[in-house]
Amino acid sequence: MTTQIGILVVGNEILDGLVLDTNSQWIINQLKAMNLQVKEKMTVRDDVQEISRALRRIVANGCNLVFTTGGLGPTHDDKTLMGVAMALDLPLELNDEALNIVTRQYSELHQRGIIDTSEITEPRRKMAVLPRGAEPLDNRVGGAPGVVLDTESAQIISLPGVPGELMWIFDNQ
């Protein structure tokens with residue numbers, strides 16, 4: 001089966017013109033180096049329904065490898081995994097491996113003096129809540145793990161929107 005690739009960019013900041021989407025360009029260039037071509041790219045707001053609808057459309061269009069970028073962090077508008085779970089009709093659940101990554105990263109960021117506390121607050125814990133069946137991808141640069149989810153019709157790889165984090169996970173995981 002031929003790999004058909006889709007990219008779903010999530011973020012109000014992209015659509016509002018506040019941040020330039022360099023992530024999808026970078027991913028496309030990495031894939032081109034592997035002789036892979038992107039079939040479709042969409043950008044949506046930080047809205048669970050919009051994310052869900054867009055992901056369903058990309059998969060229905062025949063994309064069997066989908067990258068999502070953005071929306072994995074601790075803030076209220078980080079809703080990508082909620083949208084992925086809704087699109088695939090999966091429950092969200094705390095993933096112990098993802099929680100270990102988040103805990104390790106916040107401890108290291110605290111030790112380096114980058115953040116005031118390593119406490120796993122509710123917003124930080126949210127980064128370890130994944131769709132059922134998903135596996136976390138280690139992130140040694142920031143707090144949010146990437147996520148890979150294999151379904152019957154597609155593999156979905158969700159990456160953080162912070163470029164350094166996205167690139168590290170793509171290159172190392």
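None of these values were measured; they are calculated from a predicted model.
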So do Leu137 and Pro145 actually touch side chain to side chain, heavy atoms under 4.5 Å? no

Beyond-backbone contact of Met167 with Gln30, side-chain heavy atoms, under 4.5 angstrom: no

Tell me, with the steps shown, if Ser24 and Asp21 meet side-chain hydrogen bond (donor to acceptor under 3.5 Å, both in side chains). CA-CA 6 Å; Ser24 51; Asp21 172 26; 2.3 Å; yes

If you look at every heavy atom in Leu81 and Val129, which pair is closest and at what distance? CD1-O, 3.8 Å

Taking every non-hydrogen atom, the tightest pair across Arg45 and Asn12: CB-OD1, 3.1 Å

State, with a plain yes or no, whether a side-chain heavy atom of Val102 is found less than 4.5 Å away from one of Gln105. no

Please answer: with hydrophobic residues joined when any side-chain heavy atoms are less than 4.5 Å apart, are Leu99 and Met127 in the same cluster? yes

Inter- and intrachain pairs under salt bridge (charged side-chain N to carboxylate O under 4.0 Å, His left out), touching residues 75-103, at least two apart: Glu93-Arg132

Please check: side-chain N/O of Asp16 versus main-chain N/O of Leu18, any donor-acceptor pairing under 3.5 Å? no

Under a single-linkage definition using a 4.5 Å side-chain heavy-atom cutoff for Ile, Leu, Val, Met, Phe, Trp and Tyr, are Ile58 and Leu90 assigned to the same hydrophobic cluster? yes

Flag yes if Val10 and Val84 sit in one hydrophobic cluster, no otherwise; membership is Ile, Leu, Val, Met, Phe, Trp, Tyr, and two members link when side-chain heavy atoms are under 4.5 Å apart. yes

Side chain of Gln173, backbone of Asp138: donor and acceptor closer than 3.5 Å? yes

Grab the two heavy atoms, one from Tyr106 and one from Pro74, that are nearest each other, plus how far apart they are. OH-CG, 4.1 Å

Side chain proximity check, Lys126 to Glu122, heavy atoms < 4.5 angstrom: no

Closest heavy-atom pair, Pro131 versus Leu149, reported as atoms and distance to 0.1 Å, is CB-CD2, 4.2 Å

Would you check if the side chain of Ser52 reaches a backbone N or O of Val48 as a donor-acceptor pair within less than 3.5 Å? no

Rounded to the nearest 0.5 Å, what's the gap from OG1 on Thr103 to CD on Glu119? Could you check? 11.5 Å

Residues which pass ring-ring contact (aromatic ring centres under 6.0 Å, His included) with Phe170, listed by chain and number, not counting sequence neighbours: Trp26, Phe67

OG of Ser118 to CD of Gln111: how many Å apart, nearest 0.5 Å? 8.0 Å

Are Met42 and Arg57 packed together at the side-chain level, in the sense that at least one heavy-atom pair is separated by less than 4.5 angstrom? yes

Taking every heavy atom of Gly146 against every heavy atom of Pro160, the minimum-distance pair comes out as CA-CD, 4.5 Å

Just by distance, do the side chain of Asn64 and the backbone of Thr3 share a donor-acceptor pair under 3.5 Å? no

With a 3.5 Å distance limit and no angle check, can you tell me whether Lys39 reaches the backbone of Asn61 through a side-chain donor-acceptor pair? yes

Return the CG to CD1 distance between Leu159 and Ile169, rounded to the nearest 0.5 Å. 6.0 Å

Begin from the C-alpha positions of Ile157 and Leu65 and carry the test side-chain contact (heavy atoms from CB on, under 4.5 Å) through to its verdict. CA-CA 8 Å; Ile157 300 172; Leu65 175 59; 3.8 Å; yes

Grouping I, L, V, M, F, W and Y whenever their side-chain heavy atoms are under 4.5 Å apart, do Ile28 and Val19 come out in a common cluster? yes

Keeping the roles fixed (side chain from Asp150, backbone from Gln155), state whether a donor-acceptor pair exists under 3.5 Å. no

Rounded distance [0.5 Å steps], CD in Glu135 versus CG in Asn95: 6.5 Å

Decide whether Leu8 and Leu88 are clustered together by the hydrophobic rule: side chain heavy atoms of Ile, Leu, Val, Met, Phe, Trp, Tyr closer than 4.5 Å, transitively. yes

d(His110 NE2, Thr117 OG1) to nearest 0.5 Å is 6.0 Å

Any Ile27 side-chain heavy atom under 4.5 Å of Ile7 side chain: yes

Given side chains that start at C-beta, do those of Ile156 and Val148 come closer than 4.5 Å, heavy atoms only? no

Is the shortest side-chain N to carboxylate O distance from Arg140 to Glu165 below 4.0 Å? no

Using only atom types and a distance under 3.5 Å, with no angle test, would you say the side chain of Thr80 pairs donor to acceptor with the backbone of Gly70? yes

Is it the case that the side chain of Arg56 and the backbone of Met86 share a donor-acceptor pair, with hydrogens and angles ignored and the cut-off at 3.5 Å? yes

Residue pair Val66 / Leu55, side-chain heavy-atom distance below 4.5 Å: yes

Taking atom CZ of Arg104 and atom CG of Asn100, what is their separation to the nearest 0.5 Å? 9.0 Å

For Arg125 and Leu94, which heavy atoms make the closest approach, and how far apart are they? NH2-CD2, 3.6 Å

